[in-house]
Structure formats: C-alpha cells, structure tokens
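The structure appears below as structure tokens.
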Number of protein chains: 2
Amino acid sequence: MATSRQVAQLAGVSRATVSRVLNGSPRISAEARDRVHAAMKALGYEPDVVAQNLARQRSYMIALGLYHEGEELAISTLSRTENYYYLDMIKYIDRGVAAAGYDLFLPSLAQNKAPENYIRSLRARRIAGTIMLALDLADVRIQALLQSAIPTVFIDTRGQGEHATYVDSNHMDGARQVTEHLLSLGHRRIAIVTGPLTDPASTERLLGFQQTLAHAGIALDPGLLCLTGWNTDEAYRATRTFLEQRHDFTAIIAGSDMMALGILRALHERGLRVPQDVSLTGFDDLAISQYIVPSLTTVKADRETMSKGAVQRLMALVEGEDAVPPLIVPSQLIIRESTGPAPSPSMQEK
Amino acid sequence: MATSRQVAQLAGVSRATVSRVLNGSPRISAEARDRVHAAMKALGYEPDVVAQNLARQRSYMIALGLYHEGEELAISTLSRTENYYYLDMIKYIDRGVAAAGYDLFLPSLAQNKAPENYIRSLRARRIAGTIMLALDLADVRIQALLQSAIPTVFIDTRGQGEHATYVDSNHMDGARQVTEHLLSLGHRRIAIVTGPLTDPASTERLLGFQQTLAHAGIALDPGLLCLTGWNTDEAYRATRTFLEQRHDFTAIIAGSDMMALGILRALHERGLRVPQDVSLTGFDDLAISQYIVPSLTTVKADRETMSKGAVQRLMALVEGEDAVPPLIVPSQLIIRESTGPAPSPSMQEK
DNA sequence: CTGAAAGCGCTTACAG
DNA sequence: CTGAAAGCGCTTACAG
C-alpha cells in the first residue's frame, strides 16, 4: 500500500498538498493537482481510511441498529420473520448512505452485553450517525442515544430529540383503508391478530380500526382482539388457541404479512378456507405476499420512501441541522386473493 | 471521551502501562493493574478503536460480501428473495464473529463501482478477513481477492487459495435424498426447475438427481429440465411458460424454497393442486416453508453448522494458519405436505 | 497556493 | 515490571 508520503515524493509536493488534492480543496494550483493525480494513479494510491478517521476525528460510518423488545441491537435479528419487513429498507439505506460517501457498520452483540457502553463504543468508532429500526424507545440504550449528541433517525418508532428525528408510516390510515375494504365486502365481525400494544404501531392501527368500525356503527368486540408477538410462529400459535375459543368472525386483520402467513396455516389446519370462509389481510406487502396461495391482501408500507427519507434526514443531522422534521409516509391498500365477500351465514348486509 | 493519557495520569502510571493493562499483557504488576482498572472505571474510559487500529495496523473488522451474478457485493442484495437463505447465516456469522471480538463491516456500493479498487479499499480499512456468500468465482474482484493475502472464507462457492477456504453443503447427496423420496412415492416423470448451471450448486444437484434416476433405471428427460434464475419471480415466470409446453410430469424439484413458492403459484394459477396433482420440493428449508400451504418438503442445508464452520475457519486463517481445509456439511431431507403419492394415471408402479 | 509542524490516541520495540 | 520515545498515516491551523 502506497502512502501519501510516497505520492508527495513522486509528485514533488508536500504531504499537505496531497491531502488537499485528495479532499478537493479549492486553493490548489491546477498544475499541482495534476501532478498529484498522476502520482496517485501511478502508485495505485488509496488513502488509509483508519488514519483519516483518526486525524479528522470522525469516520464515515453509519451504524445500523435493529431492535425488538428484549432482543439485541444487531443484524442477527434480520433472520427473524418479523424483521423480513426491514430487508428492503436496508437495501435503500445502504444505497443512500453509499451515495453520500458513507459505509454501514453493524454493531454486533459483543458490544451490547454492556448496555451502558453502547454509546461509548459508537463514539470510540467515531460513528457519524445511526439509523435505528423497529425499536423500543424505553430501552436504556435508546435513552442514552437520545441523550447523546449522536445524530439518529428512528424508523418505525417515533423518537425525537435535538439530534434525532424519525420516519414512520401512517398506521392509522392503513388500518382505516383495510377496515373499510372488509366492511365493503360485507364483513361485520372482524378479528384482529396483532403485535403487542406496547408497540405504538399496533396501537395506532387498533385506533384506526376502531374508529372506522365506529363510523359504520359497529362496536369493537374485545373478544375478537388477539394480541401476540410479531413473528410467524407466535401468530400461528396464538391463532390456534384463539380458534378454539372463537370462530364467529368472517375476517382477520393480521398485524403483518408474516403474521398472516402463520394465521393462514392455523386456519388451514382447522379446515377453514381463505377467503371463502375467512378473509385475511396483512400489513407491509412483502415480496412473498403476492406468491403465497391465496395471495395476500395487505397494506403496503412504502419502504423505499421511508428509507430514502431516513437517509436524507440523517445526513441533515450529521451536517449539523437541528430540529429536522419527521416524515410520515402514506400507506396503501393492495387487494389480492385473500379477501372476499363475507360468507352468507354471517351478519346481514347493512 | 476520556483518553488513555487521562487514565494514566489518574492511575499515576505511563500510557504504555495503561495500554498493557488494556491488552491484558502478562508482564504487569497486580498493583498497577488494579490502579489502572480503577482509573478506567472512574473515567468511564473506552479505548479509541480508530487509534488502536492505526497503531496496530489492523482492525477487528470482518467484511461480509454477498454476491449473485451481475449483482453488487453488498448487503443490499439481502432483500432479494434468492438471498433469504442467507439470513440465518448472517445471524450465526455475526454471533461467531462477535464472540471472537470482531465486528462486521458491510462494504457498500460506492466501493464496488471501481472493481479494481475493491481489494485496496478492504486493505485501507485494515479488514482482518472477509466472508463471501454466494458468489461468482469468475468475477474479477473475487479473483483479486484470491490473489491477495486477505483471509477469506467462501460460503456456497468453492474458492480456495493460500489464504482462502470454503464451506459448502452436500448438494449432490441432497438431490439424491429428495429424488429417492419422490421415486419411493411412485413418481417416475420428475421435472427440475432450478438455477443456472453456471452455478456449481445447480450442477451438483443435477448430477445427484441424474445418478439416482439412473440407479432406478430411468433416463433423464432433458425436456423436463427447466433452467431459470434463483428468485421467486423468475421461477414463477419460467414455470408458467414451462407448463404451456409440458405437463406430463407428476413432481417438480425446485432449486430452492423461494423458487418453489413461485412454482406453487404458477401451478395454482393453472389449476394444479399440490400434492394431489403434482408433488413439489424445495431446497434450503427456510422459516416460511413450514407455514405456506401446503407446507414444503425440502432439503435442509444446515446453515448453522456452515456458518459456524466458516467463522472458525476464518479465524484460523486470520491467525496465520494456511491450508485450512474446507467443510462440506450434510444435507437432510425434510418431508412435509407438498409431496404425496404419484397420481394414478401416471406411470405404473414398479 | 504551499509547506513545516503539530496533532489525532493509541501501541510497541527498546532500555532499564 | 515500567517508562520515554518513536511511530501508525493522515489532516489542518498557522505562516508565508
């Protein structure tokens, strides 16, 4: 590996000049610039990122955290079905961050063992900022992050602070759309199988559901509310238990597409057909949702817009802007095979 | 952020001593150690990783590359359905790497624009080693990596070199198991819908399939071989086209679970039921495969063993061992709902 | 526009 | 066992 010293020598300039050329300083003569560029080419010079980071006292790395209640803040959790939703987001985040000249860093488990060191370890790496996915605002590490001066954008959690803002989808409106869709198909007894209400996304959706029902003159039956975890397996198990107690509904709104997959199986095992016997909807619109049989009616979260918005906001925070406003992205209902008219022996049409 | 200088001052020792304590040097007095530890606690000291990396001329970061033909070597590709298979692997890799005191680094797109700089940029970061998933050995960057002294473990691609080894699953035996399973169910006309034969995994499986058929006295009908891409959508489209030409088979072996999902939809749209009309099998055993309806018979790749083996081998390479032997992990057939007896109007039982 | 010098916060032979 | 000093490869006021 060639060093800036060698480049300087070959170009017949000082290392300071090499550095200036490298960093696109304006006060440099065209001639010096050309000589340095030629020398860099000749030597195959690539600046030492580690040394740059030390000298500049900052790095061009963005930490990416992933979090679900009780879980670690690590990429490991990506393999959990409840996190498939984040895969595209990571794609767009990676691209956005790369375009801005940053790299993604994934803090691993080792650092999470001592929560009180979380911030310190980010600092020790001169992390420029962090993007946090799906987390629990009450977590001590998150609180520490909010207190710190580290620029942060939260996705799917509404964390705000002097150096923090968020990006989220409009859960309430999504719930409204899907509820109206089911109502228009004649469904009156609609069950909800969703994630814990400690998660604001669940609560907002529940609210949208409730309001829409109320508009239609229908009271929410608390016995049709089934709370469970966000992943496929938990939804599957919860639905099995739920079906043993109740089956006087004609539709289920699942908290996510991956949950819907588990619910679909539970219904299947019970001999209930979708959508002939029960209509089923999800949230998210994952890649697989259009392929499963039946394909899934769902509320699409515009993850591309959210991710790009997150990167753009993070860069603003990194540049020193404060009071960066949050972004709420619209949700969109996508109708597929899993929803159909309410079966006739159900409630009468209005 | 406290520095080692402040720690030294508070403890009444030199910075060299602080450094020695930090790195667990044996030649240090218990008394000095205690004083330094106390000072570190008092100041909330966390060593500056960037400075350590520069001084040591190495970092404790492992680069993780992901690659499919024509694609970038980036985490972005994780969102493609053909890469869901790698999600658990990343989990185990992250954990293994963290346990060894390393962090994961995801080289992003920006660096890939200039392929000739790929190695340099890894070097410039003092990357300790790399783990490469699913890639094309012929790629120029991979060739450069093999030439370089950077320790590398390939997963699912058999790259070897002085500083490189690989971990793979036993594709041929997996193909044998699934073929025997279908034969035992009375299937005689079996179609294969798989990824391109430029990928050795496909070729090995085809070989296993072919050999097993031959053992049973059956010749491979080339018209029952359908080559396409690894993702869900490509498999779906290819199967649709395929079904317009042929439907004189009673079973399909898909190249992966995600491909099977697309094939399932194509069959569904054609009015063919699984497994009553056509049996269907996958490869991989993804989390969703047990939930989709019908649940999928598949060949499980033991991703936990593969990943752990990869980390262990990478650490050996990083420690300077050479000629680290590769690891081939056994495959295991998992029988679920998507396979059943060949329908009666098919070939006669033997 | 350009260079000499100090500094970023560690580590590590070299002496003792 | 411990310290003084040099070094890792850059960047950046400070002069000129």
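In what follows, every chain begins at residue 1, and chains take the letters A, B, ... in the order their sequences are listed.
- Legend: residues meeting side chain to side chain donor-acceptor pair (under 3.5 Å) with A/Gln147, ordered by chain and number and at least two apart, are absent.
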With both pairing distances under 3.5 angstrom for Watson-Crick or G-U wobble, and | for a partner in another strand, the correct string for DNA chain D is |||.||||||||.|||

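- Nucleic acid contact class of B/Arg126 (heavy atoms, under 4.0 Å, all strands): sugar-phosphate only.
- Distance, A/Leu22 CG to D/dG9 C1': 12 Å, rounded to whole Å.
- Look at CZ on A/Arg56: it is 5 Å from P on D/dT11, rounded to the nearest Å.
- With both ends at atom C1', the span from D/dT12 to D/dG16 equals 16 Å, rounded to whole Å.
- For residues 144-169 of chain B, every residue pair satisfying the salt bridge (charged side-chain N to carboxylate O under 4.0 Å, His left out) rule, not counting sequence neighbours, is listed here: B/Arg158-B/Asp168, B/Arg158-B/Glu204.
- Atom P of D/dT2 sits at a distance of 23 Å from the matching atom of D/dA6, rounded to the whole Å.
- Contact check on A/Arg125 versus B/Asp103 returns a salt bridge, with a Lys/Arg side-chain nitrogen under 4.0 Å from an Asp/Glu carboxylate oxygen.
- Phosphate proximity of C/dC8 to A/Gln57: absent, as no side-chain N or O sits under 4.0 Å from OP1 or OP2.
- Between A/Arg58 atom CZ and C/dG9 atom C1' the separation is 19 Å, expressed in whole Å.
- Under the 3.5 Å distance criterion, the side-chain polar atoms of B/Ser59 are left unmatched by any main-chain donor or acceptor of B/Asn53.
- Dashed line: the shortest gap from a side-chain N or O of B/Asn53 to OP1 or OP2 of D/dC8 is not under 4.0 Å.
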Set out, line by line, the N/O atom pairs under 3.5 Å between protein and nucleotides 1-4 of chain D.
{"unit_1": "D/dT2", "atom_1": "OP1", "unit_2": "B/Ser29", "atom_2": "OG", "d": "2.7"}
{"unit_1": "D/dT2", "atom_1": "OP2", "unit_2": "B/Ser29", "atom_2": "N", "d": "2.9"}
{"unit_1": "D/dT2", "atom_1": "OP2", "unit_2": "B/Ser29", "atom_2": "OG", "d": "3.3"}
{"unit_1": "D/dT2", "atom_1": "O4", "unit_2": "B/Arg27", "atom_2": "NH1", "d": "3.2"}
{"unit_1": "D/dG3", "atom_1": "OP2", "unit_2": "B/Ser14", "atom_2": "N", "d": "3.0"}
{"unit_1": "D/dG3", "atom_1": "OP2", "unit_2": "B/Ser14", "atom_2": "OG", "d": "3.0"}
{"unit_1": "D/dG3", "atom_1": "OP2", "unit_2": "B/Thr17", "atom_2": "OG1", "d": "2.6"}
{"unit_1": "D/dG3", "atom_1": "N7", "unit_2": "B/Arg20", "atom_2": "NH1", "d": "3.4"}
{"unit_1": "D/dG3", "atom_1": "O6", "unit_2": "B/Arg20", "atom_2": "NH2", "d": "2.5"}

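- Put simply, the side chain of B/Asp302 reaches to within 4.5 Å of the side chain of B/Glu304, judged on heavy atoms.
- Listed for the A/Asp48 side chain is a donor-acceptor partner under 3.5 Å among the backbone atoms of A/Ala51.
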Could you go through residues 26-34 of chain B and list every donor-acceptor pair under 3.5 Å that involves a side-chain atom there, pairing it with any protein atom two or more places apart or in another chain?
{"unit_1": "B/Ser29", "atom_1": "OG", "unit_2": "B/Ala32", "atom_2": "N", "d": "3.1"}
{"unit_1": "B/Glu31", "atom_1": "OE2", "unit_2": "B/Arg35", "atom_2": "NH1", "d": "3.2"}

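- When the P atom of D/dG9 is taken as reference, atom CG of B/Leu54 falls 7 Å away, rounded to whole Å.
- Atom CD of B/Gln52 and atom P of C/dG9 are 13 Å apart (whole Å).
- With hydrogens and angles left out, the side-chain atoms of A/Trp230 and A/Asp199 include a donor and acceptor closer than 3.5 Å.
- The separation between B/Asn23 atom CG and C/dA13 atom P is 12 Å, rounded to whole Å.
- By the salt bridge (Lys or Arg N to Asp or Glu O under 4.0 Å) test, B/Asp88 pairs with B/Arg303, sequence neighbours left out.
- Using a 4.0 Å heavy-atom criterion, one finds that B/Ser4 contacts the sugar-phosphate atoms exclusively.
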